[in-house]
2 protein chains.
Amino acid sequence: MASIKDVAAEAGVSVATVSRVLNDHPSVSVDARTRVLAAVEALGYRPNAVARSLRTDQTRTLGLVISDVMNPYFTELARSVEEEARALGYSVIFGNADERPDLQDHHVRTLLDRRIDGLLVSPTDGGSPLMLDAARAGTPMVFVDRWIPGVDVPVVRADGRPAVRDLVAHLHGLGHRRLAIIAGPAATTTGSERVEAFREALAEYGLPLPDAYIGQGDFQAESGRRATDAFLDLAEPPEVVFAADNLMALGALDAVRARGMRVPEDIALAAFDDIPWFVHTDPPVTAVAQPTGELGRAAVRALVDVIEGRPPQSVTLAAWLVVRRSCGEPAPATPPAEPSATNRSQP
Amino acid sequence: MASIKDVAAEAGVSVATVSRVLNDHPSVSVDARTRVLAAVEALGYRPNAVARSLRTDQTRTLGLVISDVMNPYFTELARSVEEEARALGYSVIFGNADERPDLQDHHVRTLLDRRIDGLLVSPTDGGSPLMLDAARAGTPMVFVDRWIPGVDVPVVRADGRPAVRDLVAHLHGLGHRRLAIIAGPAATTTGSERVEAFREALAEYGLPLPDAYIGQGDFQAESGRRATDAFLDLAEPPEVVFAADNLMALGALDAVRARGMRVPEDIALAAFDDIPWFVHTDPPVTAVAQPTGELGRAAVRALVDVIEGRPPQSVTLAAWLVVRRSCGEPAPATPPAEPSATNRSQP
DNA sequence: CCTCCTCGTGGAATCGATTACACGTCCATG
DNA sequence: CATGGACGTGTAATCGATTCCACGAGGAGG
């Protein structure tokens, strides 16, 4: 593969001049410029990003460590992150943590070794020493969706509280009183927050959230299946299961179907995270929708702000309830479109 | 960030010795080794992968240009690729082409500039000059799922022909005679092959495939919606729609539902690519399943073979039919598990 | 006509690693 | 006791870019 030296030789100039042409530095004569460009064309030369990065100490690359790519929510997040990054002139390297702290660390380490310019993380746990050190050492970093309390890193996320309150109101209105939740890992903010929001909303209606009605999941389908099975084995099973993410909702659906039971007649189901398939499931699933695309884009903008030395902004967007038929009662109208930002605050 | 020089200074040895310790070269004294390791620990030193890559001319990174991450089939492919690559000591950089040739080229170019060791591509089109040049120039490369005819690059894919034949047999057995297909772009092999397989299978039953029953899609949901609408507007609409991928099947479902019609009573539906959600759609969708995970792993193994100078192997695996209820008639039993490789051949 | 500035250019240092080569020690062998 | 090989180590070249500095040519101004 041709290097800058070959181009310089071909064009009859020094490597310095070639470099200047390539980075369109002002002081290059028209003559030199055309000769260099011709040589570049003739040799099919492409600058070596590795060498350039070594010299300039920047890779124009962002790292994204995602909790689980197979989760459609995170897939969409990843996609929007890549799009916005590309628009801003950055590439993205993804790492899939599969909800495993060890894998998460592996990816953070690899990304750091590659000298990415900044790191976008949706932490799977409370933060390994590695990640905490990186944050402390000043690696540009932004948390997206989930975050780690007590770490001074901007957070871009959606606040699901009001939507969860709407959901509980909806369920209560349908006459449901025994409501259960399949929670995510307590070590994740989304794992614990959703339970808290749910509990608080229940309290407003004077409803309890007994321990037996809190299934411990890990954001994966299999755990949704197990938790639902446990609920169904109870002497007094819940009337509604609220899954804290879409994969656990899928698992819940599996479990209900395996017993030959029906949603919502035998048990109602709701989920956090809305995905296109929920429109076509049997029955269509009532869900809390997040402005996923906007979340990804905002996270990239925040990270690039940090990288380029501008003051970073934490961003909190609103989530909203999309009522379908999985809790009883037919859906009334079309769900609203993604609303835009409602609230921005300094971290 | 500490460099190898700092470590050398801290340990009181030369950088050469540090490097030897890090790459566990045999001739280093125990004393030097322990001192270096201590220094590494003390400084929290991590080797700079950028510098290392420049010197060694290898990045231990694979590039994967995927047609569309939002398609669950490709998401799973991406996941398995990353897993196998990690097991073999490589990282993966993903590029999402979104079925757009220009984006595909953008990613190929970026990846090449980064000097990835090898490229895994599921081409969106017939091959841009850029990609063809790269292949010709000897960039280690493997096609996965889709390929470009006439290019000397190993291909890892599933053969859907027998499964499509099974599908047609199934449909014919249910009494369906007017069968339509929503095809992918003709420029992709999977786009044209699936139509061909369908046409041939129909011919075995003496059934025609009129042009009006070939909807032109682009593997995205919206095109499935449009094509289905067109079918439904026909004087004599088809009894079955076979979508060449799962997203177009989703679009078809949308279109049917929008007209207040029902699957399979008003029109039957089948899809290429099986995904977990198809079990829970209304109705569960009959689909051709691919050994996606094995495809991704085999592709990585083939690519690493090329990179490390071993003779590459093209791999063709079998796809299979999973009957559910979207074509009429209840599903009999559980679908079989992923079968393993059936056929390997030199490209 | 001399001086100074601007402009275009090239030489060479640099980024952080790897590695060929040379050198000194020490021990075993003849 | 001399010699040669093995071993551990350091020096320096190298990878492909960017960029500081110096230099020569040419034009403007005094």
Side-chain angles (χ1 to χ4, degrees), chain A residues 1-40 43-61 91 109-117, chain B residues 1-40 43-61 89 91 109-117 137:
Chain A
M1 178 143 285
S3 85
I4 196 170
K5 272 191 206 140
D6 305 317
V7 176
E10 172 86 10
V13 297
S14 74
V15 293
T17 300
V18 176
S19 176
R20 282 193 272 261
V21 171
L22 262 27
N23 296 282
D24 43 35
H25 185 95
S27 66
V28 179
S29 67
V30 191
D31 175 58
R33 162 164 281 115
T34 49
R35 292 221 311 284
V36 167
L37 259 18
V40 165
L43 297 166
Y45 169 76
R46 295 247 78 217
N48 184 327
V50 174
R52 185 202 301 259
S53 293
L54 177 61
R55 186 59 239 259
T56 60
D57 201 35
Q58 53 159 331
T59 50
R60 296 209 65 86
T61 299
S91 301
R109 203 185 326 269
T110 309
L111 259 11
L112 257 21
D113 285 357
R114 297 230 137 110
R115 301 301 195 264
I116 44 135
D117 293 342
Chain B
M1 179 141 285
S3 84
I4 197 169
K5 271 190 206 140
D6 304 315
V7 177
E10 173 85 10
V13 297
S14 73
V15 293
T17 300
V18 176
S19 176
R20 286 191 193 99
V21 171
L22 263 27
N23 296 282
D24 43 35
H25 185 96
S27 64
V28 179
S29 67
V30 191
D31 176 57
R33 160 164 280 113
T34 48
R35 292 223 310 284
V36 168
L37 259 18
V40 164
L43 296 164
Y45 169 77
R46 295 246 80 217
N48 184 327
V50 175
R52 187 203 300 261
S53 293
L54 177 60
R55 185 60 237 256
T56 60
D57 201 35
Q58 52 160 330
T59 50
R60 296 208 68 86
T61 299
S91 301
R109 203 185 327 268
T110 309
L111 259 11
L112 257 21
D113 285 356
R114 299 233 141 125
R115 302 300 195 265
I116 44 136
D117 293 342

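We name chains A, B, ... by the order of the sequence lines, and we start the count at 1 in each one.
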Open item on the list: Around atom CG of B/D57, are there more than 12 heavy atoms from other residues, nucleotides or ligands closer than 6.0 Å?
Closed with: no

Open item on the list: Using a strict threshold of under 4.0 Å (side-chain N to carboxylate O), is an ion pair present between A/D113 and A/R109?
Closed with: no

TODO: Mind calculating the distance between CG (B/D24) and P (D/dG8) to the nearest angstrom?
DONE: 14 Å

Task: Residues in contact with DNA chain D, drawn from residues 45-58 of chain B - heavy-atom cutoff 4.0 Å - done: B/L54, B/R55

- [ ] Write down the atom of A/V28, the atom of A/A32, and the distance for their closest heavy-atom approach.
- [x] CG1-CB, 3.9 Å

Open item on the list: A side-chain contact here means heavy atoms from C-beta on lying under 4.5 Å apart; do B/L112 and A/R46 qualify?
Closed with: no

- [ ] Would you indicate whether the side-chain heavy atoms of B/S53 and B/R114 approach each other to under 4.5 Å?
- [x] no

Open item on the list: Can you give me the closest heavy-atom contact between B/V50 and B/N48, atom names plus distance?
Closed with: N-OD1, 2.8 Å

Open item on the list: Output the rounded distance in Å from CZ (A/R60) to P (D/dA17).
Closed with: 18 Å

TODO: To the nearest Å, give me how far apart CD1 (B/I4) and P (D/dC15) are.
DONE: 19 Å

Task: Shortest non-hydrogen contact from A/R52 toward A/N23 - done: NH1-OD1, 3.4 Å

TODO: With DNA chain D as reference, determine whether A/K5 or A/N23 sits nearer its 5' end, using the nearest nucleotide of each.
DONE: A/K5

TODO: Using a heavy-atom cut-off of under 4.0 Å over every strand shown, decide if B/S3 touches base, sugar-phosphate, or nothing.
DONE: sugar-phosphate

Open item on the list: Out of the candidates B/V36, B/V21, B/V7, B/D31, only one should pair with B/V13 under the side-chain contact (heavy atoms from CB on, under 4.5 Å) rule; please name it.
Closed with: B/V36

Using the 3.5 Å cut-off, write out each protein N or O paired with an N or O of nucleotides 7-11 of chain C and the distance between them.
from	atom 1	to	atom 2	distance (Å)
C/dT9	OP1	A/S29	OG	2.6
C/dT9	OP2	A/S29	N	2.7
C/dT9	OP2	A/S29	OG	3.2
C/dG10	OP2	A/S14	N	2.9
C/dG10	OP2	A/S14	OG	3.1
C/dG10	OP2	A/T17	OG1	2.6
C/dG10	N7	A/R20	NH2	2.8
C/dG10	O6	A/R20	NH1	3.4

